[in-house]
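All remarks here apply to the structure that follows.
Keep in mind that the numbers below use all heavy atoms, side chains included, and drop hydrogens, waters and symmetry copies. FYI, the numbering just counts along the sequence from 1.
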Amino acid sequence: MTLEEKLAQLYGLWAGASAEGAEVAPHQHDMDRPPALDELLPNGLGQLTRPFGTVPVDPALGALSLLRTQERIVASNRFGIPAMAHDECLAGFTAWGATTYPVPLSWGASFDPGLVREMARAIGRDMRSVGLHQGLAPVLDVVRDARWGRVEETIGEDPYLVGTVATAYVQGLESAGIVATLKHFAGYSASRAGRNLAPVSMGPRERADVVLPPFEMAVRESGVRSVMHSYTDTDGLPSAADEGLLTGLLRDTWGFEGTVVADYFGVAFLKTLHRVAGDWGEAAAAALTAGVDVELPTVKTYGQPLREAVAAGRLPEETVDRALRRVLTQKAELGLLDPDWSPVPSALAEAAPAGTPRNATGQETARQETARAAPEPRDPARPEREPRASAGLDATRLRGTISLDAPAHREISRRLAERSVVLLRNDGTLPLGRPARIALVGPQAETPTAVLGCYSFPVHIGGLHPDTPVGIPLPTLREALTAEFPDSEIVTVAGAGIDTTDTSGFDAAVRAARDADVVIAALGDRAGMFGRGTSGEGCDAESLALPGVQGPLLDALLGTGTPVVVTLLAGRPYVLGAAAAGGATGPAAGAAAAIVQTFFPGQEGTPAVAGVLSGRIDPSGRLPVSIPVLPGAQPSTYLAPPLGRANDVSTIDPTPAFAFGHGLTYTSFAWSDLETDGGLTTGTDGAVRLSFTVRNTGSRPGTEVVQLYLHDPVASVVQPVQRLIGYVRVPLEPGERVTVTITVPADLASFTGRDGRRIVEPGELELRLGASSTDIRLTALAALTGPVRHVDHTRALHAHLTVSPPTGVPGPADHTTDPRAGT
């Protein structure tokens with residue numbers, strides 16, 4: 001291959017699908033207009049960027065458009081190499097008409113990796129069926145400051161929860177034949193003051209023990225094949241130019257063998273934002289040397305500037321070859337270099353002419369050796385022996401023939417939405433009986449998109465095309481409540497907007513509340529991008545007060561004396577009530593009859609909320625992030641050492657109103673009979689085993705989420721007071737009991753020592769078993785003996801949890817409920 005042909009495999013082109021099924025044309029982007037498609041294709045093309053997630057397009061016509069573009073790419077380059085096509089898939093495939101699922105913060109709230117794996121597999125199958133190869137998800141950033149706008153995209157504030165849930169997502173996506181992409185590597189969420197793209201002031205120990213473990217777990221256990229670098233710089237070193245991170249740690253230490261792709265425009269940002277490069281060629285050379293294999297979303301620096309850098313001797317061509325080998329290997333794994341490869345995706349296979357070669361199953365067909373053999377060049381001017389596969393496909397006949405919102409996928413979205421609803425507070429008002437009159441008050445009452453995050457298609461793209469139908473059913477909260485409470489009169493008043501300062505609607509809201517049997521306050525966020533929302537990328541918050549005048553609106557409703565059930569459809573945790581509005585009376589939400597928290601729960605979200613309110617659904621979600629008492633006590637997470645908690649040397653109290661892991665149910669559970677197997681003393685290379693009983697002591701079914709925390713009383717470096725090292729969901733009928741058995745390897749007590757190496761120290765430990773990080777039910781004292789032991793990336797990452805079958809219920813022997821296997 002010529003140098004130009006090699007470089008062509010290392011960049012993408014942003015080319016949304018044609019609404020007519022025609023070949024695509026490049027879209028203008030934030031930098032400048034890229035070269036025309038005709039200019040690029042003789043040398044080939046590495047990636048097609050967001051063919052479905054750029055404009056609303058009928059799925060069948062989008063698939064046809066992608067097919068025809070691939071045919072053109074293959075016909076135009078000497079080796080007949082197709083492009084990889086990628087799209088967003090954070091909360092579902094970002095395509096018009098595709099199922100929308102709860103956002104990742106809801107995945108964390110579910111504490112259910114098995115269901116997240118099932119969701120990701122469904123997303124991947126839809127993507128693969130229309131011709132895509134790579135998905136830009138999941139986000140493994142650990143929340144460090146809830147003011148950051150992208151909190152909704154994260155899984156939570158605990159590395160173990162983030163790692164287990166994200167690993168499950170990757171396993172699901174990869175099992176469908178889609179290349180998953182870990183992002184953002186690494187430290188993006190630790191930016192100063194929660195500002196998007198702001199510098200990161202994190203030390204090496206915080207990076208090693210909080211930020212990196214989820215990525216390490218996913219690389220080891222998920223089969224992930226791509227990683228995306230972070231935009232930010234840490235201590236002055238941008239991730240895109242960090243060779244120690246992208247090559248030394250990721251590849252040389254962890255053994256990652258896939259591709260590293262740029263976050264959009266991230267290579268160019270080395271010149272324009274970070275200013276560590278004087279020109280585009282210098283930026284390209286720095287990123288490629290560090291280990292960024294593919295420039296996305298479109299060619300800017302890896303084209304002519306990189307070619308000139310190689311020609312001038314500023315970068316050896318061997319560095320280009322290294323990235324090229326990784327890209328071609330991945331294309332071979334996807335079957336794109338197979339002699340019988342066809343661009344016809346499975347969703348269009350039935351409409352293709354008889355005898356047309358196709359990959360109708362959408363499964364991987366490649367052989368690894370294909371990547372090691374140089375592809376044979378061919379003459380692009382030679383007439384094709386076979387007619388194009390798209391020749392017999394008629395766009396008019398195809399329109400409407402592909403659905404990306406199958407009933408089975410909506411069912412997965414429903415189950416995940418239901419399991420992610422968190423009941424924060426309840427004075428006995430919930431579940432509601434049959435109230436004669438319900439006052440539904442708040443800006444989220446009649447907003448269809450109130451359940452969607454910023455990367456869902458109706459918000460991300462649909463908002464730019466207001467005349468295009470949304471493409472999926474999005475029942476409002478009012479509609480869901482009407483269906484759930486058919487005998488109740490529901491009076492709806494907005495009261496205020498999401499982020500307006502207008503209080504003129506308060507009087508009508510108060511009147512409706514006074515005349516009702518119960519008030520449902522519908523509050524929260526509007527997802528958007530770069531200032532178009534109150535949550536989402538580039539929508540950072542000054543404080544964790546509810547946006548606009550929603551706090552004072554809630555106070556006004558609570559002042560009526562009518563029971564108020566607060567429902568939150570939001571992308572981050574918020575302080576509720578007077579404290580959020582700057583008052584001195586404390587959080588007025590303490591007077592609420594109940595508080596129900598959801599984090600953008602997807603298209604099935606409002607029926608899930610209504611079902612919890614009625615009692616049709618037993619709430620089982622748990623908080624993946626803490627909810628603060630004070631709006632300005634940030635940054636703060638539960639992973640704090642003693643000096644990071646409330647004390648008498650600071651007037652700021654970061655104590656949460658509702659702690660990490662908190663969530664109520666409609667029943668009660670008793671934890672008892674803690675037993676140890678031969679005592680809890682072992683060497684620094686051993687493991688301890690304990691068991692206990694959980695019993696449903698209430699009159700309703702429910703799910704307890706058993707959480708295992710580690711407390712290290714004395715260590716050679718400062719440690720968080722406690723951290724999560726295991727969890728399991730335990731569903732029980734009234735009166736049922738189970739035995740939970742846990743094996744804890746000493747490796748889980750490891751941390752980064754003073755010399756920068758990970759160690760397990762001898763000494764005493766506490767294993768805390770709780771229903772939340774502040775609701776510890778049982779504590780076991782353990783002791784590690786022997787010398788300090790150094791461990792590395794091959795150490796044990798999980799406790800092993802098993803749950804016996806409930807008593808009185810026939811079933812098999814003890815079943816594994818390790819988060820890696822699901823529940």
**OP:** Assign the ring pair F269 / F265 to parallel, tilted or perpendicular, where the plane angle (0 to 90°) is split at 30° and 60°.
**Re:** tilted
Original post:
Could you give the distance from CG (L523) to CD1 (I498), rounded to the nearest 0.5 Å?
Top reply: 8.0 Å
Original post:
Between V142 and T154, does a side-chain contact (heavy atoms from CB on, under 4.5 Å) hold up when you go through it step by step?
Top reply: CA-CA 7 Å; V142 178; T154 73; over 6 Å; no
Subject >> Pairwise side-chain contact, L569 with F599, heavy-atom cut-off 4.5 Å (strictly under) >> reply: no
Original post:
Can you name the nearest heavy-atom pair linking A570 to G524, along with the distance?
Top reply: CB-CA, 4.2 Å
Original post:
So do the side chains of F93 and L404 get within less than 4.5 Å of each other, counting heavy atoms only?
Top reply: yes
Original post:
Got more than 12 heavy atoms from elsewhere within 6.0 Å of CG, L464?
Top reply: yes
Subject >> Ion pair check, R415 and E604, cut-off under 4.0 Å >> reply: no
Subject >> L546/Y574 under side-chain contact (heavy atoms from CB on, under 4.5 Å): CA gap, chis, key distance, verdict >> reply: CA-CA 6 Å; L546 276 165; Y574 283 110; 3.9 Å; yes
Original post:
How long is the gap from CD on Q634 to OG on S543, to the nearest 0.5 Å?
Top reply: 9.5 Å
**OP:** Would you list the pairs meeting salt bridge (Lys or Arg N to Asp or Glu O under 4.0 Å) in which at least one residue belongs to residues 559-572, sequence neighbours left out?
**Re:** none
**OP:** Consider only side-chain N and O atoms of T164 and Y727, and report whether a donor and an acceptor are under 3.5 Å apart.
**Re:** yes
Original post:
Is any side-chain N of the basic residue among D141 and R150 closer than 4.0 Å to the acidic one's carboxylate O?
Top reply: no
Subject >> Inter-residue atom distance I627.CD1 - R425.CZ, 0.5 Å rounding >> reply: 13.0 Å
Subject >> Minimum-distance pair of heavy atoms, taken over all atoms of L639 and P159 >> reply: CD1-CD, 3.4 Å
**OP:** Could you name each residue pair satisfying side chain to side chain donor-acceptor pair (under 3.5 Å) that touches residues 436-454, not counting sequence neighbours?
**Re:** R437-E489
**OP:** Spell out, as yes or no, whether a donor-acceptor pair under 3.5 Å connects the side chain of R478 to the backbone of I490.
**Re:** yes
Original post:
Between T534 and D499, is a side-chain hydrogen bond (donor to acceptor under 3.5 Å, both in side chains) present by the stated rule, with each step listed?
Top reply: CA-CA 7 Å; T534 59; D499 56 350; over 6 Å; no
Subject >> Derivation and outcome, side-chain contact (heavy atoms from CB on, under 4.5 Å), residues I472 and T100 >> reply: CA-CA 8 Å; I472 54 174; T100 63; 3.4 Å; yes
**OP:** Please determine if R410 and D405 form a salt bridge, counting it only when a charged side-chain N lies under 4.0 Å from a carboxylate O.
**Re:** yes
**OP:** Could you check if a side-chain atom of R414 sits within less than 4.5 angstrom of a side-chain atom of P607, using non-hydrogen atoms only?
**Re:** no
Subject >> Close side-chain approach of I595 and L568, heavy atoms under 4.5 Å >> reply: yes
Original post:
Hey, is the main chain of L115 close enough, under 3.5 Å, to the side chain of D112 for a donor-acceptor pair?
Top reply: yes
Subject >> Short N-O contact, E484 and R616, less than 4.0 angstrom >> reply: yes
**OP:** Return the minimal non-hydrogen interatomic distance between I461 and R50, and the atom names on each side.
**Re:** CD1-NH2, 3.7 Å
Subject >> Inter-residue atom distance S239.OG - H274.NE2, 0.5 Å rounding >> reply: 7.5 Å
Original post:
Hey, is R195 close enough to D540 for a salt bridge, meaning N to O under 4.0 Å?
Top reply: no
Original post:
Judged by atom type as modelled, is there a donor-acceptor pair below 3.5 Å linking the side chain of H662 to the main-chain atoms of L424?
Top reply: yes
Subject >> Separation between CE of M228 and NE2 of H184, rounded to the nearest 0.5 Å >> reply: 6.0 Å
Subject >> Close aromatic pair by centroid cut-off 6.0 Å: Y101 and W107 >> reply: no
**OP:** Taking all non-hydrogen atoms of both residues into account, name the closest pair between S230 and T232 and its distance.
**Re:** OG-OG1, 2.8 Å
Original post:
Below 4.5 Å, heavy atoms only, C-beta onward: do D233 and V200 meet side chain to side chain?
Top reply: no
Original post:
Between G135 and T181, what is the shortest heavy-atom contact and its length?
Top reply: O-OG1, 2.9 Å
Original post:
Using 4.0 Å as the upper bound for N to carboxylate O, is an ion pair formed by K183 and E537?
Top reply: no
Original post:
Any side-chain heavy atom of Q603 sitting closer than 4.5 Å to one from S456?
Top reply: no
Subject >> Side chain E157, main chain Y638, donor-acceptor under 3.5 Å >> reply: yes
Subject >> Any side-chain heavy-atom pair of F660 and L724 under 4.5 Å >> reply: yes
Original post:
When you look at Y455 and E152, which way does the side-chain contact (heavy atoms from CB on, under 4.5 Å) test go after all the steps?
Top reply: CA-CA 10 Å; Y455 268 92; E152 65 173 70; 5.9 Å; no
Original post:
Yes or no on side-chain hydrogen bond (donor to acceptor under 3.5 Å, both in side chains) for D502 and S504, after CA distance, side-chain angles and deciding distance?
Top reply: CA-CA 6 Å; D502 182 8; S504 61; 2.8 Å; yes
Subject >> Output field: ring centroids F185/H229 closer than 6.0 Å >> reply: no
Subject >> T606 side chain to E479 side chain, donor-acceptor N/O pair below 3.5 angstrom >> reply: no
Original post:
Shortest non-hydrogen contact from A521 to L554?
Top reply: CB-CD1, 4.5 Å
Original post:
Any donor-acceptor pair under 3.5 Å linking the side chain of D87 with the backbone of G53?
Top reply: yes
Original post:
Without hydrogens or angle criteria, can the side chains of N196 and Y231 be said to hold a donor-acceptor pair below 3.5 Å?
Top reply: no
Original post:
Any donor and acceptor pair, going by atom type alone, linking the side chain of D653 with main-chain N or O of A646 inside 3.5 Å?
Top reply: no
Original post:
Do S413 and P102 come within less than 4.5 Å of each other through their side chains, counting heavy atoms only?
Top reply: yes
Subject >> Euclidean distance, F506 CZ relative to D555 CG, rounded to 0.5 Å >> reply: 8.5 Å
Original post:
T468 and W96: side-chain donor and acceptor closer than 3.5 Å?
Top reply: no
Subject >> Candidate pair R192 and S201, rule side-chain hydrogen bond (donor to acceptor under 3.5 Å, both in side chains), full reasoning >> reply: CA-CA 7 Å; R192 293 177 192 162; S201 300; 2.5 Å; yes
Original post:
Quick one: side chain to side chain donor-acceptor pair (under 3.5 Å) pairs with a partner in residues 590-601, sequence neighbours left out?
Top reply: none
Original post:
Does P435 offer a backbone N or O that forms a donor-acceptor pair with the side chain of S488 under 3.5 Å?
Top reply: yes
